[in-house]
Amino acid sequence: MAGERPLVIVRLGSHAEKDYVLKLAPFIDGVIVGANLFEATPGATASLLLRTGGKARVYLDPMTYAFGAYEDPTTRRVRTDLDWIKSDQTRKEGRGKKTVREFKRSYRLLAEALGWPLSDAVSKSRAVNADVFKDPLKTATFCKRVIDYQLERISREFTDEEELKDFADQVPEPSAVFAPYFYIEPSNTGAWLDANLALARSSKGLGADVPVHAVVCADVAHLKDAAFSARLLSELPAAGIAGVWLWFSGFFEEAASLEDLVAYRRLVVGLANHVEVYAMHGGFLSLALNKYGMRGVSHGVGYGEQKDVVPVIGQSTPTVRYYLPPLARRLGVLEIERSFGALGVKTPKDFHEKVCGCAVCKGVVQGSIAQFAAFGEMHRSRASAKRSAQTPAAAKRCRFHFLLSRITERDDLHKLSLGDLVKRLDDARDTWGKQPTLSRFSEHLARWSAVLTQK
Amino acid sequence: MTGETGTRVFRREQELAGPVARFLRNRAFRLQSAEVQFFEHRMDLYGYSAREDRTIAVELKLTKWSRAVEQALLYQLCSDLVYIAMPRTVVPRVDLDVLVGHGVGLIAVGDGRCWEVLVAAPSQVVRQHYRDEYLALLMGGE
């Protein structure tokens with residue numbers, strides 16, 4: 001499987017991101033949409049997929065894991081109250097109003113659409129238990145519903161409307177369907193791994209016309225668990241599925257230890273001998289592991305190359321930082337700009353040769369390298385704001401630049417030999433990585449080189 | 001509050017701001033602004049001396065001097081002179097060679113007064129557009 005060009009599949013996080021997907025659909029390989037987003041805005045999402053479908057592969061992530069147990073990101077305790085898919089909602093009560101904590105509409109609709117055991121979980125406000133999948137008949141019924149949902153949900157948006165029926169034939173079919181999957185939380189690894197494998201086997205057994213893929217949604221600690229990896233390597237291929245998407249919560253490619261990276265590579269290599277392997281929320285390293293059989297990588301448009309299973313609630317909107325291609329990571333404008341002098345980046349031409357020559361960068365940095373600051377442009381979003389925040393235009397520049405860089409990386413990686421790829425990382429470490437404002441952010445390069453070359 | 005040796009113990013970075021601001025004012029940096037945002041960062045003190053036509057940025061730190069150097073290097077993009085200011089008791093731990101190598105100055109803050117331990121070299125990487133922008137900000141805020 002190594003040797004095929006890696007696939008870049010962009011995950012649509014919200015409809016605010018649709019412009020990126022629409023404009024870049026001819027250049028990316030696929031679009032993946034969470035079923036919760038689909039249920040929140042079915043018409044808009046179906047239309048978007050209709051418009052991109054001819055140009056890029058389409059995937060509908062059933063998001064079943066959202067109804068399982070999860071680890072609270074703050075307390076690290078396992079929670080089964082499903083609180084993270086609830087929100088405070090205002091209800092009328094008599095003449096007044098009251099605030100209640102209820103399931104978000106999108107997840108409630110998704111649970112209704114996918115039925116047992118998700119609908120039970122919602123009605124009881126309690127997470128799905130791994131043991132329920134010991135019943136093969138019930139499990140098969142659930143798997144069928146989840147797969148049928150992925151195959152039919154998009155077109156149903158058109159067939160249900162008389163005026164739109166004609167479009168139904170043009171609706172793209174998913175390139176693959178996902179078996180239902182749940183987070184393998186570390187305190188109950190065995191039961192959840194059993195459940196996920198049972199769901200994969202059962203889904204494959206339904207005989208769908210499109211390839212069935214599994215998702216391994218686990219904790220980063222599982223990477224070091226040899227028994228866990230051994231079961232994946234033997235039982236996933238045996239399940240008969242065509243592909244597997246790896247998602248290790250807390251696994252950040254740039255910060256990961258060499259030990260974790262080596263374990264990740266071993267898993268990719270071992271699985272890629274039998275099935276297609278994808279990174280569900282991957283970055284440059286996952287893409288580079290194409291040299292070891294990684295088939296594709298999905299990620300968001302601005303950030304999301306790494307993703308925890310449960311997001312931390314209440315964080316402010318992060319700045320979309322500039323993706324520095326030589327270091328393959330996002331950094332602040334100042335940290336990068338401070339290095340320009342020492343690296344001989346003095347003119348726009350230097351910038352396009354040594355930093356980035358994508359269409360966005362050529363458009364922004366035209367007359368002077370001082371224009372690079374436009375990627376970090378700030379303003380006060382409200383008159384009362386105490387701090388300035390990145391302007392929406394700057395965030396948009398950074399996102400488009402990132403996506404174009406990723407497309408270039410995909411194409412370059414395919415052309416480069418493994419030796420050339422490692423040399424590129426080493427050269428970046430010896431130049432960019434030696435700069436005082438970047439050295440702290442370049443330590444991953446040595447680990448990436450090592451994991452790509454270690455026997 | 002004072003320590004056993006009569007040296008003031010600083011518990012928060014902001015406690016360094018007053019003595020440093022006075023010190024710089026006495027050195028002709030009369031135009032000053034505190035907590036000036038520079039992209040995602042915040043300069044603790046930014047000032048201007050009309051007499052010398054020089055801008056100055058100061059990073060206040062209680063202990064982590066190497067982190068202060070990282071920030072100081074960024075401020076060299078918008079300021080002619082950049083200093084780190086730290087409690088006098090902590091200053092002996094600072095590797096002065098690192099600061100000299102980067103042209104970053106060092107101010108020691110004691111009980112009510114400051115000492116210039118290391119003179120900052122004029123920034124070689126100052127960007128005129130940033131400098132002009134922040135100077136205008138100072139002038140406007142006068």
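All heavy atoms count here, side chains included; hydrogens, waters and symmetry mates do not. Since this is a predicted model, take the numbers as computed values, not measurements. The sequence lines fix the lettering, A, B, ..., with proteins before strands; numbering per chain opens at 1.
- Contacts between Leu77(B) and chain A at a heavy-atom distance below 4.5 Å involve the side chain alone, from C-beta outward.
- The structure places CG of Leu74(B) at 7.5 Å from CZ of Arg338(A), a figure rounded to the nearest 0.5 Å.
- When each of Arg42(B), Gln76(B), Glu35(B) is checked for heavy-atom pairs under 4.5 Å with chain A, Arg42(B) comes out on top.
- Put simply, of Ser439(A), Ser388(A), Ala389(A), Gly341(A), the one with the most heavy-atom pairs under 4.5 Å next to chain B is Ser388(A).
- Contacts from residues 57-72 of chain B to chain A, taken as heavy-atom pairs separated by less than 4.5 Å, involve Arg67(B), Glu70(B) in sequence order.
- Of the candidates Arg321(A), Arg387(A), Gln390(A), Arg321(A) is the only one forming a side-chain hydrogen bond (donor to acceptor under 3.5 Å, both in side chains) with Glu40(B).
- More than 12 heavy-atom neighbours from other residues, nucleotides or ligands sit within 6.0 angstrom of NZ on Lys354(A).
- Note that NE2 of His102(B) and OG1 of Thr437(A) are 9.5 Å apart. Values are rounded to the nearest 0.5 Å.
- Using a 4.5 Å cut-off between heavy atoms, Ala342(A) does not touch chain B at all.
- Contact annotation for residues 120-131 of chain B against chain A (heavy-atom separation below 4.5 Å, listed by residue number): Val125(B), Arg127(B), His129(B), Tyr130(B).
- Counting heavy-atom neighbours within 6.0 Å of Lys434(A) NZ, excluding the residue itself, gives a total above 12.
- Between the OG1 atom in Thr319(A) and the CZ atom in Phe39(B) there is a gap of 11.5 Å [rounded to 0.5 Å].
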